[in-house]
Amino acid sequence: MAADKAPSFQDLILRLQHYWASHGCAILQPYDVEVGAGTLHPATTLRSLGPRPWNAAYVQPSRRPGDGRYGENPNRLQHYYQFQVLLKPCPDNLQELYLGSLDAIGIDRDLHDVRFVEDDWENPTVGAWGLGWEVWCDGMEVSQFTYFQQVGGQDVDLVSGELTYGLERLAMYVQGVDNVYDLDFNGAKGADALSYGDIFQEAERQFSAFNFEHADVDMLTRWFEDAAGQCKALLALEKPLPLPAYDFCLKASHIFNLVDARGAISVAERASWIGRVRELAKGCADAWVASERVLFEGAA
Amino acid sequence: MSELLFEIFCEEIPARMQARAEADLARLLGDRLKAAGLGWKTLTTFAGPRRLGLAITGLPLKTEDVREERKGPRTDAPEKAVQGFLRGAGLDSLDGCETRDDKKGQFWVAIIEKPGRATVDVVAEAIPAVMKEFPWPKSMKFGEGEKLQRWVRPVHRLLCLFDGAVVPFEVFGIVASNITEGHRRHGPGPFEIRDFAHYTQVLREQGHVVQQREAREAIILEGARKVCQDAGLELVEDAGLLHEVAGLAEWPVPLLGKMDPDFLDLPPEVITLTMKTHQKYFAVRKPGEEGLAAHFVVVANQAAPDGGKAIAAGNARVLSARLSDARHFWDNDRKTPLDEMVKELGKVTFHEKLGSVADKVERVAALARELAPIVGADPDLAEKAARLAKADLVSEMVYEFPELQGAMGRYYALDQWRAAQAPSGPSGATSPMNGGGQNGDAPRLPPLAGEVGRAGPGSKGGLDWATLCEADAYAVADACRDHYKPQGPTDDVPTAPVTIAVALADKLDTLVGFWAIDEKPTGSKDPFALRRAALGVIRILLGGKARMPLAPEIKQAVWELVRPNFDEPGKNWRFHDRCKHVPDGRELGEPIAAEGQMDSSSHRRMGRFQGGLMEGHQIFKEDWTAACLADRPSCDEIIADLLAFFADRLKVHLRDEGIRHDVLDAVFALGDDDLVRVTNKARALQAFLDTDDGAALLAGFNRAANILKSEEKKSGETFDGAPDAAYLAGAPEAPEQALIAALEAARPKADAALAAEDFTAAMAALALLRAPIDAFFETVTVNADEPALRRNRLLLLSDIRAAICAVADFNRIDG
């Protein structure tokens with residue numbers, strides 16, 4: 001692909017947003033709680049449950065503290081972006097729609113080989129799994145394509161189709177760049193040109209140092225307990241509040257990732273931390289589905 | 001006679017599931033057609049990324065009419081009986097019945113006529129049922145209400161034609177039609193189809209889809225060879241990979257891509273596996289040279305207008321990123337000498353009840369030492385190799401690619417040996433890699449400088465790297481790589497003595513360990529691959545480079561398992577009498593041997609251990625309870641049970657060779673635990689049984705054995721031992737004299753042949769008995785009126801039986 005015609009990083013996002021908006025998706029903004037993957041945005045995790053149809057797309061920054069490399073690895077980041085699409089119920093032609101989105105971002109499918117290769121997605125922390133593929137473009141994994149089957153330990157009422165585009169990787173592919181920090185961010189020339197590195201490399205350095213060296217484990221451990229406690233309390237109300245409870249579940253999950261990155265959790269303890277987060281997520285999912293049913297049946 | 005064509009058009013079916021799905025479809029639909037009474041001429045299945053189907057030729061248009069007669073009560077039977085009979089036959093009245101007569105009188109016969117069904121109806125019923133019960137390894141729910149489906153991925157179309165017309169049915173809310181689709185880019189269609197020949201032609205010419213898996217494999221193999229050949233290169237063929245990529249493309253187009261040559265200094269196994277596992281590429285080499293070329297073959301799913309240049313270039317970039325990861329592991333691993341990795345093995349669990357890999361290594365090292373002299377290996381080398389063989393399990397490369405276990409150990413072992421050989425720097429030590437540096441223009445291994453003094457202290461095995469000559473270093477390194485062999489029924493069997501010692505020790509330890517904790521394979525479950533381990537031992541032994549009775553080696557392996565309790569009382573395994581023992585003073589009975597009474601020399605302990613202490617004893621974990629104690633097998637039980645397991649595996653192994661189960665049973669019945677001897681004897685026995693002499697001798701043996709059995713039952717006597725001397729010297733009838741003479745002649749010959757393990761000669765000696773036995777039974781009456789004569793004749797038969805059974809237990813042979 002000719003690099004000069006390729007979309008910039010921000011243009012890639014704009015094109016995807018435009019494409020999916022034109023196919024009936026609400027374009028949401030990133031969720032304002034740290035998450036490890038775009039799937040954890042309540043617009044996917046919670047909205048994929050319950051009887052109400054839902055079509056949405058959004059960019060979500062994802063944080064994986066353990067993946068930080070102090071801004072030195074050309075492929076690894078502790079903070080990166082995913083573009084997430086959720087269509088519920090899944091239309092029959094989601095594969096065709098997805099391929100159309102590749103056309104929209106300028107991938108010439110006559111010249112490039114797009115393939116659906118088996119990859120079944122699973123996220124044990126939120127008790128979710130589905131069947132699908134990783135999508136390869138000339139051997140590069142550019143997206144995950146999943147038909148949700150279970151979320152929060154529950155069978156879904158309506159099967160959702162979920163698409164996750166790894167934006168940095170996709171941009172590196174379309175721009176023909178080997179180092180993520182060299183990505184053209186804004187497509188501008190000369191003094192106005194911004195690379196991905198201009199914006200994020202220093203953040204990668206600082207957050208890697210924080211994640212691996214300076215995060216206060218005692219404080220985080222307390223926060224984890226507090227977040228878990230608040231989540232449970234909200235779920236234990238006579239009229240539970242699953243949405244705020246889920247925020248605290250996400251906070252607990254991110255805190256766990258931070259403590260884990262500090263190497264402060266032994267193998268045996270690890271399973272117990274994960275189990276606690278899963279239990280919170282399941283509680284949120286149960287409460288959410290119950291409230292959705294009341295709304296849905298009330299409306300019907 | 002007509003043709004059925006059926007195609008399920010769906011989203012991408014995982015490549016690994018396609019072959020099974022074809023077989024399942026053929027079986028499930030075939031069974032239903034057969035159950036309806038339908039036969040056919042040919043059945044062809046096909047599968048690809050987006051379709052699964054079959055074509056059946058020679059199906060009749062309808063099933064046969066069936067007329068069934070069912071006998072009923074007598075015509076004068078009470079009304080109730082007649083009514084019951086009619087109900088059972090599914091008839092309303094006696095109109096559908098006839099009367100018949102027999103000796104007892106007249107009775108009713110119901111005539112049940114089942115007219116044939118139209119085949120199209122059978123198919124229309126069978127296919128939805130098959131689809132609903134289809135056994136995908138993983139399936140998913142899709143759609144809702146009437147369109148709810150459960151399949152491997154969403155289904156979009158069903159094409160079904162019988163005798164040129166659409167078969168009317170509906171599954172998952174999809175109505176069967178005569179329409180299919182082709183390749184997404186090259187010819188999506190849709191296309192109307194008339195029959196299978198038309199389907200194949202339209203898909204190929206307009207749809208750009210090759211629906212037959214085998215045809216795609218052939219296209220890929222031929223194309224991949226050609227793109228290599230055109231560049232003066234050679235494809236590294238890989239049947240498993242070929243199978244997989246054929247499941248990923250409808251219109252396969254092999255392309256040659258260029259790999260960054262800087263990566264050629266990585267071990268070829270690492271490059272090949274990175275390509276295969278992560279990217280599904282074939283590796284490429286230069287003809288006649290070892291190692292790899294800086295190329296790869298990727299199989300695209302389309303013919304691109306630029307000849308695939310962009311596709312090849314894109315794939316090359318991805319490969320570079322993958323190989324950079326591999327290089328990172330390789331560089332990191334080599335910062336730690338193998339001797340240091342060994343120390344990490346204590347942290348790797350082998351099995352929670354059998355301890356860490358370090359514990360296993362201790363046992364295997366001791367066992368390999370014991371086995372070394374038997375297989376012609378140096379015990380020190382065998383022990384050293386055993387101690388190092390598992391070390392690479394803690395390497396980053398093996399963590400990433402478990403398939404490289406052993407192979408990496410070999411590289412890291414040679415690396416360490418070279419470091420110890422070259423205290424002053426690289427000094428031209430040659431690389432173990434054959435990574436395409438043949439022309440001298442490709443990069444070699446990084447220099448070994450800086451690794452000086454890195455080699456750790458000599459291992460516990462006592463041999464120091466610095467003192468090993470090159471041949472010994474390679475023997476140790478090769479054992480690291482090859483001691484896992486043979487991995488499957490077609491994998492090579494190791495032949496190097498040090499490797500054999502470690503391979504046998506490793507497998508025997510695994511088997512004995514899992515037997516001791518009672519984790520034997522059951523049915524289709526064999527999570528620890530114990531059948532494979534046993535088959536490995538069998539194939540190594542039958543390979544001819546190692547020969548031994550198994551029982552003592554199994555016993556030795558059990559000893560290694562319990563030895564830590566003797567060396568360090570109170571740790572790990574304990575060893576006690578089942579009925580009376582006192583561990584830690586807890587009262588269950590009397591101790592047989594206090595640990596303090598054990599001799600210090602392990603050999604003498606071994607003597608005591610084997611010389612009786614073992615009998616009826618058992619081993620169990622420290623946290624034993626009286627209850628679990630009762631479940632633990634004793635050493636003898638382990639040996640007997642494992643030998644039986646080996647016998648079973650040997651039977652399965654030799655079945656392919658055509659050796660019958662009963663023949664092996666007959667040989668095993670003599671209690672021989674030397675599998676080489678058992679196998680040779682079984683082969684000779686089966687060959688003998690296939691001759692006229694053999695068949696006739698077996699018949700004679702059975703006759704003698706049956707007479708003895710029935711006479712022993714009648715009289716309550718047992719006939720065992722030789723006849724009287726007087727009878728032997730002067731038996732009344734000529735045929736029995738001849739038989740006595742033949743037995744006297746045959747027996748020493750058979751004995752001598754057995755001792756020399758010339759089993760063909762042993763069988764030939766037995767064959768000498770055939771004619772005299774036949775003649776004996778023809779004229780001699782065994783049950784003579786005179787009791788003494790009868791007894792002597794029976795004893796003669798018993799003696800014959802004994803002579804034959806000394807070769808093999810003919811009682812166990814069928815026929």
Side-chain angles (χ1 to χ4, degrees), chain A residues 1-2 51 53 73-76 88-96 98-99 107-120 129-142 145-150 155-161 169 172-174 176-180 267, chain B residues 11-17 49-50 136 138-144 147-149 151-156 184-186 188 244 247-249 253 255 257 278-281 296 298-306 308-322 324-325 328 347:
Chain A
M1 178 150 309
N73 184 300
N75 295 299
R76 292 254 199 177
K88 171 191 169 194
C90 184
D92 280 352
N93 63 340
L94 185 58
Q95 276 191 321
E96 299 313 315
Y98 169 76
L99 292 170
I107 291 178
D108 180 347
R109 288 191 288 128
D110 278 334
L111 284 175
H112 297 281
D113 185 22
V114 178
R115 223 79 79 76
F116 294 86
V117 181
E118 177 191 15
D119 187 39
D120 298 335
W129 66 274
L131 298 195
W133 308 275
E134 47 186 49
V135 184
W136 287 14
C137 183
D138 296 344
M140 163 80 92
E141 182 196 340
V142 291
F145 189 128
T146 307
Y147 294 111
F148 275 6
Q149 300 290 302
Q150 258 199 357
D155 286 344
V156 294
D157 286 319
L158 300 172
V159 174
S160 304
R169 204 185 265 205
M172 285 168 76
Y173 181 78
V174 297
V177 163
D178 289 327
N179 187 325
V180 65
V267 177
Chain B
E11 297 180 6
E12 274 78 353
I13 305 170
R16 67 187 170 95
M17 299 179 189
R50 298 166 74 210
W136 291 108
K138 266 186 186 173
S139 62
M140 55 169 274
K141 184 175 101 164
F142 189 72
E144 49 193 301
K147 293 178 73 184
L148 178 70
Q149 47 172 276
W151 198 246
V152 64
R153 294 292 185 275
V155 179
H156 289 297
R184 280 205 183 90
R185 296 307 288 174
H186 288 323
E244 187 177 5
L248 287 170
V253 179
L255 300 169
H278 291 310
Q279 298 301 135
K280 331 271 187 219
Y281 305 155
F296 63 92
V298 55
V299 179
N301 184 31
Q302 67 199 54
D306 66 347
K309 277 202 191 83
I311 295 174
N315 278 285
R317 280 182 50 212
V318 184
L319 181 60
S320 284
R322 294 290 195 184
S324 296
D325 286 346
H328 174 77
K347 296 178 192 160

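So you know, we letter chains A, B, ... as the sequences are listed, proteins then strands, and number each from 1.
Atom CG in A:L158 sits 7.5 Å away from atom NZ in B:K141 (nearest 0.5 Å). Between the CH2 atom in A:W136 and the CG atom in B:N301 there is a gap of 12.5 Å [rounded to 0.5 Å]. How far CZ of B:R322 is from CG of A:N75: 10.0 Å, rounded to the nearest 0.5 Å. In this structure, the separation between CD on A:Q95 and CD on B:E12 is 4.5 Å, given to the nearest 0.5 Å.
In this structure, no portion of B:S324 lies under 4.5 Å from any heavy atom of chain A. Contact of B:R184 with chain A is made through the side chain alone, with heavy-atom distances under 4.5 Å. There is no contact between A:P74 and chain B, counting heavy-atom distances below 4.5 Å. Heavy atoms closer than 4.5 Å to chain B are found in both the backbone and the side chain of A:R109. With a threshold of 4.5 angstrom between heavy atoms, A:E96 approaches chain B through side-chain atoms but not through N, CA, C or O. Using a 4.5 Å cut-off between heavy atoms, A:L94 does not touch chain B at all.
When all heavy atoms of B:I311 and A:H112 are compared, the closest pair comes out as CG1-CA, 4.1 Å. Among all heavy-atom pairs drawn from A:R115 and B:A300, the shortest one is NH2-CA, 3.5 Å. The two atoms that bring B:V318 and A:D138 nearest to each other are CG2-O, 3.8 Å, heavy atoms only. Of all the heavy atoms in A:L131 and B:K138, the pair that sits closest is CD2-CD, 3.9 Å. The minimum heavy-atom distance linking B:R153 with A:D120 is given by the pair NH2-OD1, 3.1 Å. In terms of heavy atoms, B:R317 sits closest to A:V177 at NH2-O, 3.2 Å.
Per-residue heavy-atom pair counts under 4.5 Å with chain B were compared for A:C90, A:C137, A:G132, and the maximum is reached by A:G132. Ranking A:D110, A:D157, A:V156 against chain B, the residue ahead of the rest is A:D110, based on heavy-atom pairs under 4.5 Å.
By the salt bridge (Lys or Arg N to Asp or Glu O under 4.0 Å) test, A:D155 pairs with no residue at all, sequence neighbours left out.
In this structure, A:D92 and B:K147 have side chains that are in contact, with non-hydrogen atoms separated by less than 4.5 Å.
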